[in-house]
There are 2 protein chains.
Amino acid sequence: MSIAAVERDTGLSKDTLRVWERRYGFPTPSRDANGERLYPQEQVDKLRLIRRLLDLGQRPSRIIGSTTLELSAILEAHRGKDLNPEQEAREQVLLQYVRLHRSAELVTGLHQALMKQGLQRFVAETIAPLNEAVGEAWMRGEIDVPEEHLYTEQVQNILRSAIGANAVASGHPRILLTTFPDEHHILGLLMAEATLVPEGASCLSLGTRTPLADIRGAAVSGKFDIVGLSFSIAYPARQAVDGLTELRAALPTNIELWAGGAAVAGKQRRLPGIRVIGDLNDTVTALKEWRAAHAAH
Amino acid sequence: MSIAAVERDTGLSKDTLRVWERRYGFPTPSRDANGERLYPQEQVDKLRLIRRLLDLGQRPSRIIGSTTLELSAILEAHRGKDLNPEQEAREQVLLQYVRLHRSAELVTGLHQALMKQGLQRFVAETIAPLNEAVGEAWMRGEIDVPEEHLYTEQVQNILRSAIGANAVASGHPRILLTTFPDEHHILGLLMAEATLVPEGASCLSLGTRTPLADIRGAAVSGKFDIVGLSFSIAYPARQAVDGLTELRAALPTNIELWAGGAAVAGKQRRLPGIRVIGDLNDTVTALKEWRAAHAAH
DNA sequence: CATGGTGATTGTCCTAGACAAATGAAGTAG
DNA sequence: CTACTTCATTTGTCTAGGACAATCACCATG
């Protein structure tokens, strides 16, 4: 696995990978005929774990010497904070369907949950925790790339159908949803849209990876009230803050800027003029705030 | 503007920006107190133009010396190349709905077409030509990134809903659909799925960007009969041929390999053992061939 | 407790050289 | 005239350490 592939896979920049090797003696990639780094799979797995722990506030020098098992244990310790046993049991049931040969059951299970809970609760209480469970299982190597892709695809199918069925043509406010250019993950965006649409907002999603200048252009020419950005846990927090600050400066002041997702959680202090969305319920709160502020007219 | 900001904004990597400065003498950023590059706004604008032209097939050394005005002129020249008046007129009718402020009409129009034509004809007769028209309009600079994204999203919504409504749990053959790692375009995949599902095939899509080794693993462990790959016009033909050859060698012989899309069109001769799908109708043909060959049992 | 200083940690940027993959031009065979 | 090879050029990405500012952990002082 080349250094560029590892960067894509782990979210650690090439510079960081090289400087870790120099400073901490890990990772220790072999070299190809051309002298370029080749990372073995198990080191990439460990890097993914480390990355996850960095996001949780650990520091590299502390954990980089630990084995994969020890890292998983630390991750576990971070986990068992607030686990509702009943809910976790239901997650485990769905999680075991995230297998290639059980895809039909996954689809059925998701559909049933959607019918039972309704769109908003389905997103907040089933999809969001399931997302996390899948992410963690992937970090621990319990599920692999095709299964994670399969999961993403099926959830996308369900959410897009449901959004289409609930869409209102001319609701207010008008919200433009998208992500920054190097953010591929779309589920956060779809979850936001699925939460907003039943509230009567008029959402337009541009999908992932829209250049900053184009976001601005679209927001202005489409006369949107709000621009919503989604950041997955894999997105570099620094880049998110910089990009958001730049976009905020570029947008007219009458267009609000909302940002949600793991990479911006707790960054409200550094993002003046931007509404940081804490979780899915907070999305609804933010919407109510907007409506209250604009009801006076 | 720092080098990281320019990378975000133009999509040109830091390495590329530095090597251009060294080789061509452009851009010429000033330095801050810390010796780090600071790009003036007008050079960033020019870099964006250059980036645009690179996507259109120009080469850096040819255009990097030109002024911003000259670059705009070249971009103009790329527009009205070989326009068949009749065809262009038809495209324009379809294309006028792909505007940010007309997204509601686009959705309505697509829905009506789907209801009128049925899923398979909708894909073959509406989506496929519209795809091409959008692609060409984008090449000519008549629509921009947000509009192309909007189009992709809306078509995705419709196709995914329709596929979900038509899916058969236990049909035959079992088909695994995905793309190679550097292929982001998903519409080809969805179009294939939408064509196959009404025929009673059991399709499972992994979405885009699945590593080759994982495609093989998924095909084997999921006991699929056929693996289908989609290649957009932007995918390098050479890479498609090499990747397919490698995958063919890695797959068991009893799993068929199908490849469709602009990048593999007409490459059947170089792809022994692989079924190259010419167009959407050919997808159905290939399916019938498979069934005929496996009916004997 | 809170606040501020200090030293260690850490990510990003720097320079300049190297090379393979992609491209275009010229030549050759069907 | 087309299709395939060959060869030179172009071009993006990788390499190596060095450097520094921002952040963090810690401790002392108000």
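Just so it is clear: chains get the letters A, B, ... in the order the sequence lines come, proteins before strands, and each one is counted from 1.
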Looking for any heavy atom pair under 4.0 Å, which part of the strands does A/Asp15 touch: base, sugar-phosphate only, or nothing? base
Closest-nucleotide mapping onto DNA chain C: is B/Ser2 or A/Tyr24 further toward the 5' terminus? I mean the 5' end. A/Tyr24
Would a 4.5 Å heavy-atom cut-off, applied to side chains only, mark B/Thr179 and B/His185 as touching? no
Quiz item: A/Arg18 side-chain donor-acceptor pair to D/dA16 base, under 3.5 Å: no
Any side-chain heavy-atom pair from B/Glu153 and A/Thr178 closer than 4.5 angstrom? no
For DNA chain C, whose closest nucleotide is more 5', that of A/Ala33 or that of A/Val19? A/Val19
According to a strict under-4.0 Å criterion, is B/Lys14 in side-chain N/O contact with OP1 or OP2 of C/dC13? yes
Once rounded to the nearest 0.5 Å, what's the spacing between atom CG of A/Leu38 and atom CG of A/Asp32? 4.5 Å
Nearest whole angstrom, please: distance from the P of D/dG12 to the CZ of B/Arg22. 12 Å
note: B/Asp32, atom CG; D/dA19, atom C1'; distance rounded to Å ~ 13 Å
A/Glu42 side chain near A/Thr68 side chain, heavy-atom distance below 4.5 Å: no
For the atom pair CG (A/Leu206) and CD (B/Glu147), what is the distance rounded to the nearest 0.5 Å? 10.0 Å
Length of the line joining B/Arg62:CZ and C/dG24:P, which is rounded to integer Å: 8 Å
Can you tell which of D/dT11, D/dC14, C/dT12 lies closest to the side chain of A/Glu36? D/dC14
A/Glu21 or B/Leu12: which one's nearest nucleotide on DNA chain D is closer to the 5' end? B/Leu12
Assign A/Ser13 to base, sugar-phosphate, or nothing according to its heavy-atom contacts below 4.0 angstrom with the strands shown. sugar-phosphate
How many whole angstroms separate atom CG of B/Leu54 from atom P of D/dT10? 16 Å
From CZ of B/Arg8 over to P of C/dC13, roughly how many Å is that when rounded to an integer? 10 Å
Quick one: which of C/dA20, D/dT15, C/dG11 gets closest to the side chain of A/Arg31? D/dT15
Nearest-Å distance for atom pair CD1/P, residues A/Ile64 and C/dG11: 9 Å
Can you see if the side chain of A/Ser61 gets near the phosphate of C/dT10 - specifically, an N or O under 4.0 Å from OP1 or OP2? yes
Distance check needed: D/dA21 P versus B/Asn34 CG, whole Å only. 5 Å
Roughly, in whole Å, what's the span from CD1 in B/Ile50 to P in D/dT11? 12 Å
Heavy atoms under 4.0 Å, any strand shown: does B/Arg37 hit a base, just sugar-phosphate, or nothing? sugar-phosphate
Check this for me: does the side-chain of B/Arg23 come within 3.5 Å of the base of D/dG12 through a donor and an acceptor? yes
